[in-house]
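Okay, structure first, notes after.
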Amino acid sequence: MFTPAQESLFLTLGGRALDSRLPRPFLGDTMADEVLGKTGYDLGKFPGLSPKMSKVFDIAVRTKRLDEVVRRFVADHPDAVVLDLGAGLDTRIMRVDPPPTVGWYDIDFPEVVVVRQQVLPEQVSAHSLGADLTDPNWLHDVPTGRPTVIVGDGLVGFLPQEAFVALLNRLTGNFPSGELAFNHYTTYAVRAVKRMRSTAVIAGGVVNPGFNDPHEPEQWAARLRLVEEIFLTRAPEVAECSLLARLGIQSIGRSAALSRIIGTVVLRYSF
Ligand SMILES: C[S@@+](CC[C@H](N)C(=O)[O-])C[C@H]1O[C@@H](n2cnc3c(N)ncnc32)[C@H](O)[C@@H]1O
């Protein structure tokens with residue numbers, strides 16, 4: 001039995017699975033559909049999650065942007081360590097396909113890692129760490145001294161603020177240099193997830209208050225520097241959306257402030 005925070009992995013897995021069934025998918029992760037099928041999870045628990053919904057675009061394209069951050073980093077640093085925080089049942093390592101010199105770590109709660117081992121294909125060569133990210137001890141199992149890229153896809157909303165700040169400081173204190181990227185949870189986004197019928201099953205797990213200024217994490221962890229704010233409302237993939245969706249997204253995309261509030265944003269920091 002998963003907690004609401006753990007169950008949220010089915011929203012992102014389901015979003016990618018539905019995307020892969022589109023005639024022209026944004027991400028095209030057919031493995032997500034295979035894994036979802038193995039779990040037997042009923043996506044009806046997220047009413048309204050359908051391939052036509054902008055949520056599927058958001059999930060698929062933000063995952064794609066985070067994949068690109070990791071892909072670029074490991075191309076520049078073949079000795080890199082990759083941390084996928086709150087990996088759920090995602091198989092990012094298969095999409096990125098890093099060289100064997102890269103050390104890849106997928107971290108999620110022990111209950112989730114047990115299911116990962118049951119439903120993910122054996123060729124997933126990442127190390128799976130079963131741990132609560134708010135517990136400092138899991139970092140002892142990760143090599144230090146190598147350039148490190150850290151991603152959190154759909155994670156931050158589930159971390160209490162104090163624990164999030166402590167985690168940022170532990171991460172930036174533990175590795176010599178690297179990048180950190182995650183999707184932005186604004187205060188509006190947090191309120192929306194908590195109130196919408198479509199996300200009611202996971203609402204109880206959303207404990208982070210969100211933040212509106214992407215520079216704020218620089219105050220919380222001194223080594224972090226905001227490098228890029230990636231607005232999905234301005235993604236090239238918008239051109240592939242239906243006419244109606246495209247017009248709506250493009251009109252929001254003209255304003256950075258609106259894109260931040262209503263749209264999905266990926267934040268990339270260096271340290
Ligand atoms: C929305 S899901 C995203 C999963 C995956 N990144 C994806 O894109 O499919 C959020 C994930 O974060 C994990 N998570 C939340 N809080 C965590 C914590 N304190 N420690 C470890 N994992 C956590 C949940 O178990 C869940 O798998």
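Position 1 is the first residue of the sequence, and the numbers go up from there. Atoms within each ligand, like the ligands themselves, are counted from 1 in listed order.
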Taking the side chain as every heavy atom from C-beta outward, state whether Val156 and Asn183 have any atom pair closer than 4.5 Å. no
Using heavy atoms and a 4.0 Å limit, tell me yes or no: is Leu155 in contact with ligand 1? yes
Using side chain to side chain contact (heavy atoms under 4.5 Å, CB included) as the criterion, list what pairs up with Thr148, not counting sequence neighbours. Val81, Leu83, Ile150, Phe175
Heavy-atom side-chain contact between Val82 and Val96 under 4.5 Å: no
What atoms in ligand 1 come closer than 4.0 Å to a heavy atom of Leu9? 2 (S), 27 (O)
For atom 20 (N) of ligand 1, find the nearest protein heavy atom and state the residue, atom name and distance (0.1 Å precision). Leu133 N, 2.8 Å
Answer yes if the ring centres of Tyr105 and Trp138 are under 6.0 angstrom apart, and no otherwise. no
We want to know whether Tyr41 and Glu7 form a side-chain donor-acceptor pair, criterion being a heavy-atom distance below 3.5 angstrom. yes
Going by distance alone, is a donor N or O of one side chain under 3.5 Å from an acceptor N or O of the other, for Asn212 and Thr187? yes
The closest protein heavy-atom partner of atom 2 (S) of ligand 1 is Ser8 OG, 3.1 Å
Quick one: salt bridge (charged side-chain N to carboxylate O under 4.0 Å, His left out) pairs with a partner in residues 233-254, sequence neighbours left out? Lys64-Glu237, Arg65-Glu237
At a 4.0 Å cut-off, with the gap strictly under it, does some heavy atom of Ala131 reach an atom of ligand 1? yes
Relative to atom 22 (N) of ligand 1, which among Asp108, Ile107, Val206, Asp29 owns the nearest non-hydrogen atom? Asp108
Out of Val113, Val207, Asp132, whose heavy atom is nearest to atom 19 (N) of ligand 1? Asp132
For Leu244, look at atom CG and say whether over 12 heavy atoms of other residues, nucleotides or ligands are found less than 6.0 Å away. no
Contact check: Thr12 vs ligand 1, nitrogen or oxygen atoms, below 3.5 angstrom: yes
For ligand 1, which part of Leu159 has a heavy atom less than 4.0 Å away: the side chain, the backbone, both, or neither? side chain
Ring-ring centroid check Phe57 Phe26, cutoff 6.0 Å: yes
Checking heavy atoms under 4.0 Å, the part of Ala163 that sits near ligand 1 is neither
Atom 3 (C) of ligand 1: the protein heavy-atom neighbour that sits closest, reported with distance to 0.1 Å: Asp153 O, 3.2 Å
List the closest protein heavy-atom neighbour of atom 9 (O) of ligand 1: residue, atom name, distance to the nearest 0.1 Å. Arg16 NH2, 2.5 Å
From the options Ala5, Gly86, Gly14, Gly205, select the one whose nearest heavy atom is closest to atom 24 (C) of ligand 1. Ala5
re atom 17 (C) of ligand 1, the protein heavy-atom contact at minimum distance is Phe109 CE1, 3.2 Å
